[in-house]
Novice: 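Please see the structure below; I have some questions.
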Amino acid sequence: MFLRSNTSVWKRMSLCCPVQNCLGTQILDTSCGGVFKCPEDDTPLDYAKLYPDREVQTEIMNSLVRCTHYKDGCRWVDKLQSLQTHLDSCLYESVPCPNRCSSHLLRFNLDDHIEYLCPKRRVVCDFCAQEFPGDYMDQTHAGSCPKEIMWCENKCGAKLERRFLSNHMKNECHKRTVSCQFCDREFVYETLQTHQYQCPRFPVSCPNRCDPTKIPREEVEVHVQELCPSATMSCPFKEAGCKFKCPRYSMERHLEESQRTHLHLAWDLVKRQQQQISNLCGTLHTTTHVTDGTFVWKISSYKAKYIEALYKNGKELVSQPFYTSRFGYKAALSVFLNGNGAGEGKYLSVYIKLLPGEYDNILEWPFRLPVSFTLYDQHEDVDMRANLTESFVPDPTWKHFQKPMKDIESLGFGYPKFVSHDILKTRNYIRDDSIIIRVSVDTKRFILP
């Protein structure tokens with residue numbers, strides 16, 4: 001009968017150390033702790049009576065076997081007696097790391113592990129040439145070696161050791177960011193000098209050299225115009241005609257010594273300005289008045305003004321003046337809301353009044369141009385409107401149309417019964433508490449003087 005050895009090396013092999021005993025009927029195993037018993041009656045057996053079977057052993061050891069790692073990819077096939085020799089060099093055999101890092105790995109991975117992965121390997125830094133354990137190199141030294149060559153992070157093009165990088169970026173790099181010491185704005189260092197030629201807070205000397213103390217550039221203009229005692233300035237009465245100039249510190253004395261002269265200059269200036277204002281008012285009056293002979297007047301707050309006219313007999317409303325042409329007759333529209341003369345109390349009366357004008361001396365008198373009055377119907381639909389119009393041609397013999405005189409109130413001519421109050425309340429003659437009246441002078445017959 002054949003037995004298996006109990007040595008650990010041969011646990012993977014079957015029947016490599018065959019023996020015989022006196023029984024010759026059962027297979028005995030050494031897994032029983034060295035005590036052998038009979039399989040029939042369980043009596044202990046004497047190990048000394050067991051002896052090797054050399055012939056069977058030779059036969060077994062010459063049998064062909066595959067590597068125990070053939071499922072992992074090993075293609076070794078040979079005699080059983082060569083198996084252990086093969087396993088001692090098999091690339092698929094699991095072996096411990098020789099650096100005692102506690103790793104077990106296949107032999108064909110061992111070289112890479114020892115060279116690149118083993119935490120207990122010894123690694124020499126490429127930059128500082130110092131040797132470190134692999135785990136320290138991977139976790140600490142790599143990426144922090146003070147002698148590693150680095151590019152400047154400001155992209156200035158400089159390459160230097162890491163230990164010098166911080167100082168370079170802070171104090172040497174021409175592309176580092178720095179603050180202007182005067183205005184506190186940030187700039188790239190290489191542009192700072194250019195900025196200082198424009199910096200509003202850069203200290204400069206007063207152009208008049210009034211004081212050794214320097215002034216921020218943005219305050220120089222105000223300093224020279226308002227504060228600098230050495231700045232030459234004109235007398236405050238320059239507009240009045242005083243041509244005196246002196247340094248600011250001397251101006252007060254000049255003003256004290258020239259009060260009478262300045263008073264006369266100021267009075268002359270006031271008179272000139274009054275004349276200018278008068279001329280401008282005349283020009284404004286001319287340019288803002290109607291000069292085409294047609295004047296449209298919107299009388300607002302009609303109800304309040306009508307009630308006032310009820311309690312004040314002869315209450316007249318007079319429009320602003322207008323001209324029949326640019327150099328023509330001057331006139332105004334006169335309205336009595338509660339009527340006048342024959343229309344008092346029942347009608348709205350309208351008149352045209354001729355006023356003294358700028359060009360009366362060159363105009364033809366008496367006034368002969370046809371005049372028409374229109375009360376507008378303010379209906380939204382143009383086709384539904386029914387405006388009321390009355391016209392007349394002046395009678396040259398009437399005093400109303402003679403040349404008006406200054407300081408004498410002109411008499412108006414028109415229609416005392418232009419429109420009755422009953423008709424006025426119909427349609428849309430009164431809308432939004434307003435009425436709109438137009439006076440129109442026909443200038444076709446007017447000949448320019």
Novice: Identify, with sequence neighbours excluded, every residue that meets salt bridge (Lys or Arg N to Asp or Glu O under 4.0 Å) alongside Arg107.
Specialist: none
Novice: Among Cys206, Pro207, Cys228, Ser205, which residue meets the side chain to side chain contact (heavy atoms under 4.5 Å, CB included) test with Val220?
Specialist: Pro207
Novice: What's the shortest heavy-atom distance between Tyr429 and Ala386, and which atoms?
Specialist: OH-O, 2.6 Å
Novice: If only atom types and distance count, is the side chain of Asn208 paired as donor or acceptor with the main-chain N or O of Cys210 below 3.5 Å?
Specialist: no
Novice: Can you list every pair that meets side chain to side chain donor-acceptor pair (under 3.5 Å) and has a residue in residues 223-249, with sequence neighbours left out?
Specialist: Glu221-Gln225
Novice: Within the 4.5 Å heavy-atom criterion, are Leu91 and Leu106 side-chain neighbours or not?
Specialist: no
Novice: Between side-chain atoms of residues 144-152 and protein atoms elsewhere (two or more places apart, or another chain), which donor-acceptor pairs fall under 3.5 Å?
Specialist:
unit_1 : atom_1 : unit_2 : atom_2 : d
Ser144 : OG     : Thr140 : O      : 2.6
Ser144 : OG     : His141 : O      : 3.0
Glu148 : OE1    : Arg162 : NH1    : 2.7
Glu148 : OE1    : Arg162 : NH2    : 3.1

Novice: How far does CZ of Arg176 sit from SG of Cys156, to the nearest 0.5 angstrom?
Specialist: 10.0 Å
Novice: Between Arg201 and Glu218, which heavy-atom pair has the shortest distance, and what is it?
Specialist: NH1-OE2, 2.6 Å
Novice: Aromatic rings Tyr359 and Phe327: how do their planes relate, parallel, tilted or perpendicular, breaks at 30° and 60°?
Specialist: perpendicular
Novice: My understanding is that only residues two or more places apart in sequence, or in another chain, count here; which of them pass side-chain contact (heavy atoms from CB on, under 4.5 Å) with Pro96?
Specialist: His104
Novice: Which is it for Thr374 and Thr389 under the side-chain contact (heavy atoms from CB on, under 4.5 Å) test, yes or no, and what are the steps along the way?
Specialist: CA-CA 4 Å; Thr374 300; Thr389 301; 3.1 Å; yes
Novice: Measure the shortest side-chain to side-chain distance between Leu375 and Val350 over non-hydrogen atoms and say whether it is less than 4.5 angstrom.
Specialist: no
Novice: Is the shortest heavy-atom distance from the side chain of Glu358 to the side chain of Tyr323 under 4.5 Å?
Specialist: yes
Novice: Can you give me the closest heavy-atom contact between Leu265 and Cys242, atom names plus distance?
Specialist: CD1-N, 3.7 Å
Novice: Report the distance from atom CH2 of Trp76 to atom OG of Ser89, rounding to the nearest 0.5 Å.
Specialist: 9.5 Å
Novice: Determine whether more than 12 heavy atoms belonging to other residues, nucleotides or ligands lie under 6.0 Å from atom CZ of Arg122.
Specialist: yes
Novice: Near Glu153 CD, under 6.0 Å, is it more than 12 heavy atoms from other residues, nucleotides or ligands?
Specialist: no
Novice: Looking at Cys118, is its backbone amide N or carbonyl O close enough to the side chain of Arg121 to form a donor-acceptor pair, meaning the two atoms are under 3.5 Å apart?
Specialist: yes
Novice: Below 30° counts as parallel, above 60° as perpendicular, anything between as tilted: where do the rings of Phe237 and His262 land?
Specialist: parallel
Novice: Does Tyr189 have more than 12 heavy atoms from other residues, nucleotides or ligands lying within 6.0 Å of its OH?
Specialist: no
Novice: Show the numbers, then the answer: is there a side-chain contact (heavy atoms from CB on, under 4.5 Å) between Lys214 and Val204?
Specialist: CA-CA 5 Å; Lys214 294 192 174 183; Val204 296; 5.9 Å; no
Novice: With a 4.5 Å heavy-atom cut-off, do Leu337 and Ile435 have their side chains touching?
Specialist: yes
Novice: Nearest 0.5 Å, what's the SG-CG distance between Cys173 and Asn167?
Specialist: 11.5 Å
Novice: Less than 4.5 Å apart, any side-chain heavy atom of Pro216 and any of Phe182?
Specialist: no
Novice: So for atom CZ, which belongs to Arg185, do other residues, nucleotides or ligands contribute more than 12 heavy atoms lying within a distance under 6.0 Å?
Specialist: no
Novice: Would you give the length of the straight line joining atom CG of Leu255 to atom SG of Cys235, rounded to the nearest 0.5 angstrom?
Specialist: 5.5 Å
Novice: Is atom CD of Glu59 surrounded by more than 12 heavy atoms (other residues, nucleotides or ligands) closer than 6.0 Å?
Specialist: no
Novice: Would you say Gln273 has more than 12 foreign heavy atoms packed within less than 6.0 Å of its CD?
Specialist: yes
Novice: His86 and Cys74: which non-hydrogen atoms are nearest, and at how many Å?
Specialist: NE2-SG, 3.5 Å
Novice: Could you go through the side-chain contact (heavy atoms from CB on, under 4.5 Å) check for Asn428 and Arg385 one step at a time?
Specialist: CA-CA 8 Å; Asn428 286 275; Arg385 294 175 184 173; over 6 Å; no
Novice: Given 3.5 Å as the limit, does a donor-acceptor pair link the side chain of Asn279 with the main chain of Gln276, or not?
Specialist: no
Novice: Apply the side chain to side chain contact (heavy atoms under 4.5 Å, CB included) test between Phe373 and each candidate in Ile352, Leu388, Val335, Val419; give the one that qualifies.
Specialist: Ile352
Novice: Using only atom types and a distance under 3.5 Å, with no angle test, would you say the side chain of Thr58 pairs donor to acceptor with the backbone of Arg54?
Specialist: yes
Novice: Taking the side chain as everything from C-beta on, heavy atoms only, tell me whether Cys67 gets closer than 4.5 Å to Cys90.
Specialist: yes
Novice: Show me, pair by pair, the donor-acceptor contacts under 3.5 angstrom made by side chains of residues 295-310, not counting sequence neighbours?
Specialist:
unit_1 : atom_1 : unit_2 : atom_2 : d
Lys305 : NZ     : Ser300 : O      : 3.2
Tyr306 : OH     : His421 : ND1    : 3.4
Glu308 : OE2    : Lys312 : NZ     : 3.4

Novice: If you count every heavy atom of other residues, nucleotides or ligands that lies below 6.0 Å from Gln193 atom CD, does the total exceed 12?
Specialist: no
Novice: Specify the closest pair of heavy atoms between Ala240 and Leu269, including all atoms of both residues, with the distance to one decimal.
Specialist: CA-CD2, 4.0 Å
Novice: Determine whether Cys101 and His113 make a side-chain contact, defined as any pair of heavy atoms from C-beta on separated by less than 4.5 Å.
Specialist: yes
Novice: Determine whether a donor-acceptor pair (N or O, by modelled atom type, separation under 3.5 Å) exists between the side chain of Asp432 and the backbone of Ser434.
Specialist: no
Novice: Would the Phe202 and Tyr197 ring centres measure less than 6.0 Å apart?
Specialist: no
Novice: How would you list, by chain and number, every residue that makes a salt bridge (Lys or Arg N to Asp or Glu O under 4.0 Å) with Lys271, sequence neighbours excluded?
Specialist: Asp268
Novice: If we only count heavy atoms from C-beta on, is the Val441 to Tyr329 side-chain gap below 4.5 Å?
Specialist: no
Novice: Tell me, with the steps shown, if Tyr92 and Tyr70 meet side-chain contact (heavy atoms from CB on, under 4.5 Å).
Specialist: CA-CA 9 Å; Tyr92 295 92; Tyr70 74 93; over 6 Å; no
Novice: Say you draw a straight line from SG of Cys183 to CD of Gln196; how long is it, rounded to the nearest 0.5 Å?
Specialist: 9.0 Å
Novice: Ignoring hydrogens and geometry, is there a side-chain-to-backbone donor-acceptor pair from Asp377 to Asn387 under 3.5 Å?
Specialist: no
Novice: Once rounded to the nearest 0.5 Å, what's the spacing between atom CD of Gln259 and atom NE2 of His264?
Specialist: 12.0 Å
Novice: Can you confirm whether the side chains of Glu186 and Thr177 place a donor and an acceptor under 3.5 Å from each other?
Specialist: no
Novice: Quick check: closest heavy atoms across Ser440 and Thr294, and the distance to 0.1 Å?
Specialist: OG-OG1, 3.3 Å
